[in-house]
Amino acid sequence: MYAFEYFAPKNLQEATKAFNSFNDSKWLAGGMTLIPSMKLRMNAPSALIDLSSIEQLKGISIKNNILSIGAMTIHADVANSLDVINSLPALASLASGIGDPQVRNRGTIGGSIANNDPAADYPSAILGLKSKIITSKKEIDAGNFFNGFFSTSLDTDELIVKINFQIPESAIYLKFANPVSRYAIVGIFLSKYHDEVRVAVTGAASCVFRVNELEEGLFHDFCSSVVDKTDYGITNLNDDIHANSEYRRYLIKVMIKKAISILQKK
Ligand SMILES: Cc1cc2nc3c(=O)[nH]c(=O)nc-3n(C[C@H](O)[C@H](O)[C@H](O)COP(=O)(O)OP(=O)(O)OC[C@H]3O[C@@H](n4cnc5c(N)ncnc54)[C@H](O)[C@@H]3O)c2cc1C
């Protein structure tokens, strides 16, 4: 690993100031992705700005049907929060299935979505729910946040502060996990609002995506036969050592149907 400067600011102002005093600073959350990538010399920032001392970035709250989760909230806290379990159990269940206990006790929701790994779980909840990403500069609508493979619409010096989720009538997350890493080979997040149904898929392509054609059909008739009737033409699926594209296409269909039938029984 190369030498680097290290700062642990106490608030957002100090953080931005420290970040901008170097050319190629990086925000450090739990370090679950960033530190290994630095060890492998795939990343060599001259300064790390550690966000762990900024209280404003932590915590979970609910107000006016909006569940807010601070960017530095670790996966284990989301999984075990009674607020999340009671208001949005699909999100608690998603968090409880991330990696292993070590990862869940270091990794953060902000780090996960800023990284936008194509097989990560949280991006499917961001798109599969009505959500907004609140940053140090602005509010970003979920649909405008993920740009593609490991890419987001964040500016280099922009910091995720919290994520606001509008609580749906019901929702479910199903994951067909890689048995070693627990990353998603395919993950489906399905939610029902009074005016919309959302279906988001992770793990299957170079970036998380929504299945818009199916959403419209399911809004009018929430039933698994709609999945067979819809030509949702999903193309460019991942083809790798874990699963080929045809298998992923099959999994998407089967898992969406399973998700629908579970929600129908609730
Ligand atoms: C063995 C292993 C198994 C895993 N399994 C899964 C899994 O099953 N499912 C899954 O979804 N994930 C999985 N992960 C990923 C893990 O859950 C973390 O969410 C992810 O690695 C990001 O880690 P972190 O929060 O520590 O962020 P870091 O590694 O500290 O940072 C990641 C990136 O995000 C940027 N960043 C961090 N916080 C912010 C912020 N607030 N604003 C802007 N940018 C920010 C950093 O600069 C960096 O570029 C796994 C990781 C490991 C190591």
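In this chain, numbering begins with 1 at the start of the sequence shown. Just so you know, these numbers come straight off a predicted model, no measurement behind them. Order of appearance sets the numbers: ligands from 1, and atoms from 1 within every ligand.
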TODO: Can you see which heavy atom on Pro168 is nearest to which on Ser191, and at what distance?
DONE: CB-CB, 4.2 Å

Open item on the list: Taking Asp240 first and then Arg248, would you say they form a salt bridge - that is, a charged N and a carboxylate O separated by under 4.0 Å?
Closed with: yes

TODO: Using a strict cut-off of 4.0 Å, indicate which atoms of ligand 1 neighbour a heavy atom of Ala71.
DONE: 41 (N)

Task: Ligand-residue contact atoms, ligand 1 with Ala120, heavy atoms, under 4.0 Å - done: 10 (C), 11 (O)

Task: Protein contact of atom 38 (N) of ligand 1 - nearest heavy atom, named by residue and atom, plus distance - done: Ala29 CB, 3.5 Å

Open item on the list: Around atom CZ of Arg106, are there more than 12 heavy atoms from other residues, nucleotides or ligands closer than 6.0 Å?
Closed with: no

Task: Protein contact of atom 20 (C) of ligand 1 - nearest heavy atom, named by residue and atom, plus distance - done: Thr33 OG1, 3.3 Å

Task: Cation-pi, Phe222 ring and Lys192 (6.0 angstrom, 45 degrees) - done: yes

- [ ] Return the set of residues passing ring-ring contact (aromatic ring centres under 6.0 Å, His included) with Phe22 (not counting sequence neighbours), or none when no residue passes.
- [x] Phe7

Open item on the list: Strictly below 4.0 Å, N to O, side chains only: are Lys10 and Glu55 in salt-bridge contact?
Closed with: no

Open item on the list: Students should be able to answer this: which protein heavy-atom is nearest to atom 8 (O) of ligand 1, and at what distance?
Closed with: Arg182 O, 2.8 Å

TODO: Starting from atom 31 (O) of ligand 1, locate the nearest protein heavy atom and write down its residue, its atom name and how far away it is, to 0.1 Å.
DONE: Leu34 CB, 4.0 Å

Open item on the list: With clusters defined by side-chain heavy atoms of hydrophobic residues (ILVMFWY) lying less than 4.5 Å apart, directly or transitively, does Leu12 cluster with Ile160?
Closed with: no

Task: Geometric cation-pi criterion, Arg198 with Phe189: 6.0 Å, 45° - done: no

Task: Those atoms of ligand 1 less than 4.0 Å from some heavy atom in Lys26 - done: 47 (O), 49 (O)

Open item on the list: If we only consider heavy atoms of Arg104, is any one of them less than 4.0 Å away from an atom in ligand 1?
Closed with: no

Open item on the list: Heavy atoms only: which of Thr135, Val103, Ile49 lies closest to atom 2 (C) of ligand 1?
Closed with: Val103

Task: Heavy-atom nearest neighbour in the protein, as seen from atom 9 (N) of ligand 1, with distance rounded to 0.1 Å - done: Asp121 OD2, 2.7 Å

- [ ] Could you list the atoms of ligand 1 found under 4.0 angstrom from a heavy atom of Gly107?
- [x] 25 (O), 26 (O)

Task: ligand 1 N/O within reach of Leu154 N/O, cut-off under 3.5 Å - done: no

Open item on the list: Once side-chain hydrogen bond (donor to acceptor under 3.5 Å, both in side chains) is applied, what residue pairs with a partner in residues 68-96 remain, sequence neighbours excluded?
Closed with: Ser68-Asn164

Task: Sub-4.0 Å atoms of ligand 1 with respect to non-hydrogen atoms of His75 - done: 16 (C), 17 (O), 18 (C), 19 (O)

Open item on the list: Using a 3.5 Å cut-off on N or O atoms only, is Leu28 in polar contact with ligand 1?
Closed with: no

Task: Nearest heavy atoms of Ile185 and Ala243, plus distance in Å - done: CG2-CB, 3.8 Å

- [ ] Heavy-atom contacts with Ser112 under 4.0 Å: which atoms of ligand 1 show up? List them by number with element.
- [x] 19 (O), 22 (C)

- [ ] Any atoms of ligand 1 less than 4.0 Å from a non-hydrogen atom of Trp27? List them with their elements.
- [x] 43 (C), 44 (N), 46 (C), 47 (O)

- [ ] Identify, for atom 24 (P) of ligand 1, the protein heavy atom at the shortest distance, and state residue, atom and that distance.
- [x] Gly30 N, 3.7 Å

Open item on the list: What I want to find out is whether Asp157 reaches Lys17 closely enough, with some N-O distance under 4.0 Å, to be called a salt bridge.
Closed with: no

TODO: Pull out every atom of ligand 1 sitting under 4.0 Å from any heavy atom of Leu159, numbered as shown with elements.
DONE: 40 (C), 41 (N), 42 (N)

Open item on the list: Please determine whether a side-chain nitrogen of the Lys or Arg among Asp155 and Lys137 lies less than 4.0 Å from a carboxylate oxygen of the Asp or Glu.
Closed with: yes

Task: Contact check, Lys175 vs ligand 1, heavy-atom distance below 4.0 Å - done: yes

TODO: Pick, from Tyr183, Phe150, Phe19, Tyr122, the option with the minimum heavy-atom distance to atom 4 (C) of ligand 1.
DONE: Tyr183

Open item on the list: Among all the protein's non-hydrogen atoms, which is closest to atom 39 (C) of ligand 1, and how far away is it?
Closed with: Leu51 CD1, 4.0 Å

- [ ] Check Leu94, Ile188, Leu190 against Ile172 for a side-chain contact (heavy atoms from CB on, under 4.5 Å) and give me the one that passes.
- [x] Leu190

Open item on the list: My understanding is that we take every heavy atom of each candidate and find the minimum distance to atom 28 (P) of ligand 1. Doing that for Gly31, Gly110, Gly111, which one comes out nearest?
Closed with: Gly31

Task: Nitrogen or oxygen of Thr108 less than 3.5 angstrom from that of ligand 1 - done: yes

TODO: May I ask you to identify the nearest protein heavy atom to atom 41 (N) of ligand 1, giving residue, atom name and distance to one decimal place in Å?
DONE: Ile160 O, 3.2 Å

Open item on the list: Taking the basic N atoms (NZ, or NE/NH1/NH2) and the acidic carboxylate oxygens, is any pair closer than 4.0 Å for Arg210 and Glu196?
Closed with: yes

